[in-house]
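Have a look at the structure below, then the notes.
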2 protein chains.
Amino acid sequence: MALEHAILVSLLEKPGSGYELARRFERSIGYFWTASHQQIYRVLKRMENDGWVDVRDVPQQGRPDKKEYRVADLGRAALSSWLHDPIEPESVRHDLAVKIRGAAFDDPTALIREVERHRQAHRDRLAHYLAGEARDFTGPEANAAGPQAPLDAERELQHVVLRGGIAYERMMIDWLDGVLATLARFGPAR
Amino acid sequence: MALEHAILVSLLEKPGSGYELARRFERSIGYFWTASHQQIYRVLKRMENDGWVDVRDVPQQGRPDKKEYRVADLGRAALSSWLHDPIEPESVRHDLAVKIRGAAFDDPTALIREVERHRQAHRDRLAHYLAGEARDFTGPEANAAGPQAPLDAERELQHVVLRGGIAYERMMIDWLDGVLATLARFGPAR
DNA sequence: TCCTCCTATGCAACTCGTTGCATAGCAAGC
DNA sequence: GCTTGCTATGCAACGAGTTGCATAGGAGGA
């Protein structure tokens, strides 16, 4: 289980409310770990009970009050211990691959639209990642501090993770191109 | 939910027992969908109750009897209906990426061994995939039927899915190389 | 003979994740 | 005045997945 740890990392990068966390999980953190707001609230409550995070009520004007969470010492220790614990390479769950193999027992060409849809989703995500990279890491403003600026571990590590996302999306787009080429070959034959 | 559908695909490719399915899920099917034997037995029972699969007791000598499952008409229909249902691009759960971003708040160099371990696991899996590809798809025996052989949808689709696995492992190895290069830069500084 | 390993099937308890629903304040537009 | 939409929090029920344990026959080695 790692949702707790993903939340700890996100709160260390910047304290925030459950709602804000839920939106981050639709964006940056969500690129490699997804979670719904219901799940986040439930886990936050448990983390609060365990003393991993501290809460502070923040009154707001023009919108409902919020509870701002920040990582407590116990939470930092829990994260550190998890970081030093080896984990198994993650298990894969790839619906689309099941569908592709299953298409052999149905009409393969019926999958073409579905695969195209997925390819477009990966293209969109790739464009989104590349825009984020240009904005935060390789753009003119991102380098304002100059090449002599000290290494910032947090930024460097965020960037290398983002590059992983970019490589993943590119790989998927290429692969789905190959899948479409294969599916197309079955079309005329039927 | 797709475990049921992954089982249907596997049983269509070849009927078998729960035990055999569990071993397939450690091999070919398991490359893109994992499941434990407990889960497989439970789901098989439900699929049997729903009439998706038929069972046949097969006495064996020198080992315990087994129950051989094969897909029934209802199961084939269920698979077909699922294939025509659009699914959302799958949500990602990538522990290692969480760890890498979390390392900014701990000792980044402590992650080096962990990342190396994962890289090795991906190298192993890549070697395994490539061996399987040579054996089943690009080796001399695989082409025994000659280039004029009719297109076999099942084989072609299995191959394109395997190529996806190969591309994924190559991408991961390259990315982890990049992660290690980044982590190494923090070493001497501390 | 005992121990371990492999085939083969399964239950029970628990945690994790999803889906559906509920509440409540405020803003903006029709 | 009404509806829609955004912020903000949460419960309840269910389904999916993991972990631990149990059973049982036979093979092979110490």
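Just so we're clear, the structure is a prediction, and the values are computed from it rather than from any experiment. Each chain gets a letter, A, B and so on, in the order its sequence line appears, and its residues count up from 1.
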So, does Asp57(B) use its side chain to make a donor-acceptor pair with the main chain of Lys67(B) at under 3.5 Å? no
Judged by each residue's nearest nucleotide on DNA chain C, which is more toward the 5′ side, Thr34(A) or Pro64(A)?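 Counting from the 5' end, the first nearest nucleotide belongs to Thr34(A).
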Let me spell it out: for each of Glu68(B) and Glu4(A), pick the nucleotide of DNA chain C with the closest heavy atom. Which residue's pick is nearer the 5' end?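 First, find each residue's nearest nucleotide; the 5'-ward one identifies Glu68(B).
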Cut-off 3.5 Å, no hydrogens considered: what does the side-chain donor-acceptor table look like for residues 71-89 of chain B, sequence neighbours left out?
residue: Arg76(B); atom: NH1; partner: Phe105(A); partner atom: O; Å: 3.4
residue: Ser80(B); atom: OG; partner: Asp106(A); partner atom: OD1; Å: 2.8
residue: His84(B); atom: ND1; partner: Ser80(B); partner atom: O; Å: 2.7

Enter the distance from His5(A):NE2 to Ser10(A):OG here, rounded to the nearest 0.5 Å. 14.5 Å
Distance, nearest 0.5 Å, that separates CG of Leu111(A) from CD1 of Ile100(A):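 Leu111(A) atom CG to Ile100(A) atom CD1 measures 6.5 Å (nearest 0.5 Å).
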Whichever of Leu3(B) and Tyr69(A) has the more 5' nearest nucleotide on DNA chain D, that residue is Tyr69(A)
Could you tell me whether [X] and [Y] have a side-chain N and a carboxylate O separated by less than 4.0 Å?
| X | Y | answer |
| --- | --- | --- |
| Glu114(A) | Arg117(A) | yes |
| Arg123(B) | Glu169(B) | no |
| Glu4(A) | Arg46(A) | yes |

Closest non-hydrogen atoms of Pro15(A) and Arg24(A), given as atom of the first, atom of the second and distance, are O-NH2, 3.4 Å
What are the 5'-most and 3'-most nucleotides of DNA chain C lying under 4.0 Å from any heavy atom of chain A? dC16(C) to dC26(C)
For [X] and [N], what is the distance between atoms [atom1] and [atom2] respectively, to the nearest whole Å?
| X | N | atom1 | atom2 | value |
| --- | --- | --- | --- | --- |
| Glu88(A) | dT19(D) | CD | P | 10 Å |
| Met47(B) | dA16(D) | CE | P | 12 Å |
| Arg93(A) | dT18(D) | CZ | C1' | 10 Å |
| His37(B) | dT19(D) | NE2 | C1' | 11 Å |
| Tyr19(A) | dG5(D) | OH | P | 14 Å |

Under a 4.0 Å heavy-atom cut-off, which of residues 38-46 of chain A touch DNA chain C? Gln38(A), Gln39(A), Arg42(A), Arg46(A)
Checking Arg163(B) against His159(B) for the side-chain hydrogen bond (donor to acceptor under 3.5 Å, both in side chains) test, could you report, in this order, the C-alpha distance in whole Å, the side-chain angles of both residues, the deciding distance, and whether it holds? CA-CA 6 Å; Arg163(B) 284 202 300 271; His159(B) 191 189; 3.2 Å; yes
